[in-house]
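Just so you know, these numbers use all the heavy atoms, side chains as well, and skip hydrogens, waters and symmetry mates. One-based numbering along the sequence shown.
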Amino acid sequence: QVQVEESGGGLVQAGDSVMLSCVVSGRRTFDKYAMGWFRQVPGKEREERECVATINYSGDTTYYTDSVKGRFTISRDYAKNTVYLQMDGLKPEDTGVYYCTAETTYWGQGTQVTVSS
């Protein structure tokens, strides 16, 4: 089976920076996966989680939702089978559970990011 595990979340203050990490294991096909970060905000169900950022299999194309453009950066390290989400200038509205996904098929358990004002 393919396993996905996020880490790096926590309680931070507005304006802080956090880097989330996501390790993919169980297969040797990480370099073929499009990877993404989704966010479940307070008051929403897991199935309503929004796409925050994605990166294609070759790492040369990225997508960001409008609310995080210029503040978040998604990247991947093929040698470590790891995808990252660098989050700068955090805002209270960034609060939520962040999920890492491979091909929107394999999902991590989520890591909570809480931004206080």
Side-chain angles (χ1 to χ4, degrees):
Q1 71 279 7
V2 175
Q3 298 171 235
V4 180
E5 185 170 5
E6 311 94 333
S7 62
L11 176 62
V12 299
Q13 296 188 55
D16 284 356
S17 294
V18 171
M19 186 174 72
L20 305 181
S21 298
C22 169
V23 178
V24 180
S25 61
R27 293 287 189 100
R28 294 184 292 175
T29 54
F30 173 78
D31 60 332
K32 298 183 183 296
Y33 294 152
M35 301 293 299
W37 289 94
F38 282 65
R39 179 172 65 196
Q40 178 188 6
V41 300
K44 296 287 188 177
E45 301 295 328
R46 178 184 293 180
E47 295 303 316
E48 299 177 284
R49 55 194 167 188
E50 62 183 337
C51 182
V52 174
T54 65
I55 186 167
N56 73 332
Y57 77 96
S58 60
D60 56 9
T61 302
T62 58
Y63 158 84
Y64 301 95
T65 192
D66 286 344
S67 65
V68 308
K69 286 180 179 177
R71 299 188 297 118
F72 290 11
T73 303
I74 188 171
S75 62
R76 63 195 301 164
D77 185 330
Y78 296 94
K80 296 181 178 180
N81 289 345
T82 301
V83 63
Y84 304 96
L85 185 67
Q86 177 66 44
M87 305 186 293
D88 297 321
L90 284 164
K91 303 175 180 180
E93 52 263 44
D94 293 321
T95 292
V97 179
Y98 285 73
Y99 296 87
C100 179
T101 182
E103 297 285 335
T104 64
T105 298
Y106 307 103
W107 295 83
Q109 81 288 348
T111 184
Q112 185 175 1
V113 176
T114 302
V115 185
S116 65
S117 60

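In this structure, the side chains of V83 and I74 come closer than 4.5 Å at one or more pairs of heavy atoms. At least one side-chain heavy atom of Y64 sits under 4.5 Å from a side-chain heavy atom of T73. A 4.5 Å side-chain heavy-atom check between E6 and Q109 finds at least one atom pair inside the cut-off. Contact annotation: the side chain of E50 never approaches that of K44 to less than 4.5 Å [non-hydrogen atoms, C-beta and beyond]. The shortest side-chain heavy-atom distance between W107 and V2 does not fall under the 4.5 Å cut-off. Looking only at side-chain heavy atoms (C-beta outward), T105 and Y33 stay at 4.5 Å or farther from each other. S21 places none of its side-chain heavy atoms less than 4.5 Å from the side chain of K80.
Hydrophobic clustering keeps Y57 apart from M35 (ILVMFWY residues linked when any side-chain heavy atoms are closer than 4.5 Å, directly or through intermediates). F38 and V24 fall into different hydrophobic clusters, where Ile, Leu, Val, Met, Phe, Trp and Tyr residues are linked whenever their side-chain heavy atoms come under 4.5 Å apart, directly or through other members. Transitive grouping of hydrophobic side chains (ILVMFWY, heavy atoms separated by less than 4.5 Å) keeps Y99 and V113 in distinct clusters. Linking ILVMFWY side-chain heavy atoms closer than 4.5 Å, directly or via other members, places L20 and V68 in a single hydrophobic cluster. Two different hydrophobic clusters hold Y84 and Y106 under the rule that ILVMFWY side chains link at heavy-atom gaps under 4.5 Å.
Between Q86 and S17, the shortest heavy-atom distance links the atoms NE2-CB, 3.9 Å. The two atoms that bring P42 and G96 nearest to each other are CD-CA, 4.4 Å, heavy atoms only. Counting all heavy atoms, side chain and backbone alike, Q40 lies closest to R46 at NE2-N, 3.1 Å.
Comment: K91 does not engage D94 in a salt bridge, judged by the lack of any side-chain N to carboxylate O separation of less than 4.0 angstrom.
Distance OG/S117 to CG/L90: 13.0 Å, rounded to 0.5 Å. Atom CZ of residue R39 and atom CZ of residue R49 lie 13.5 Å apart, to the nearest 0.5 angstrom. The CH2 atom of W37 sits 13.0 Å away from atom OG1 of T54, with the distance rounded to the nearest 0.5 Å.
Screening residues 57-100 for disulfide (SG to SG under 2.5 Å), with sequence neighbours left out, gives C22-C100.
The number of heavy-atom neighbours closer than 6.0 Å to CD of E48, taken from other residues, nucleotides and ligands shown, is above 12.
Scored by the side chain to side chain contact (heavy atoms under 4.5 Å, CB included) test, D60 finds N56, S58 as partners (sequence neighbours excluded).
Ring orientation note: the planes of F30 and Y78 are nearly perpendicular, at an angle over 60° on the 30°/60° scale.
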*Derivation of the side-chain hydrogen bond (donor to acceptor under 3.5 Å, both in side chains) call for Q112 and T114*: CA-CA 6 Å; Q112 185 175 1; T114 302; 3.2 Å; yes
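Here the side chain of T95 pairs a donor or acceptor atom with the backbone of V115 at under 3.5 angstrom.
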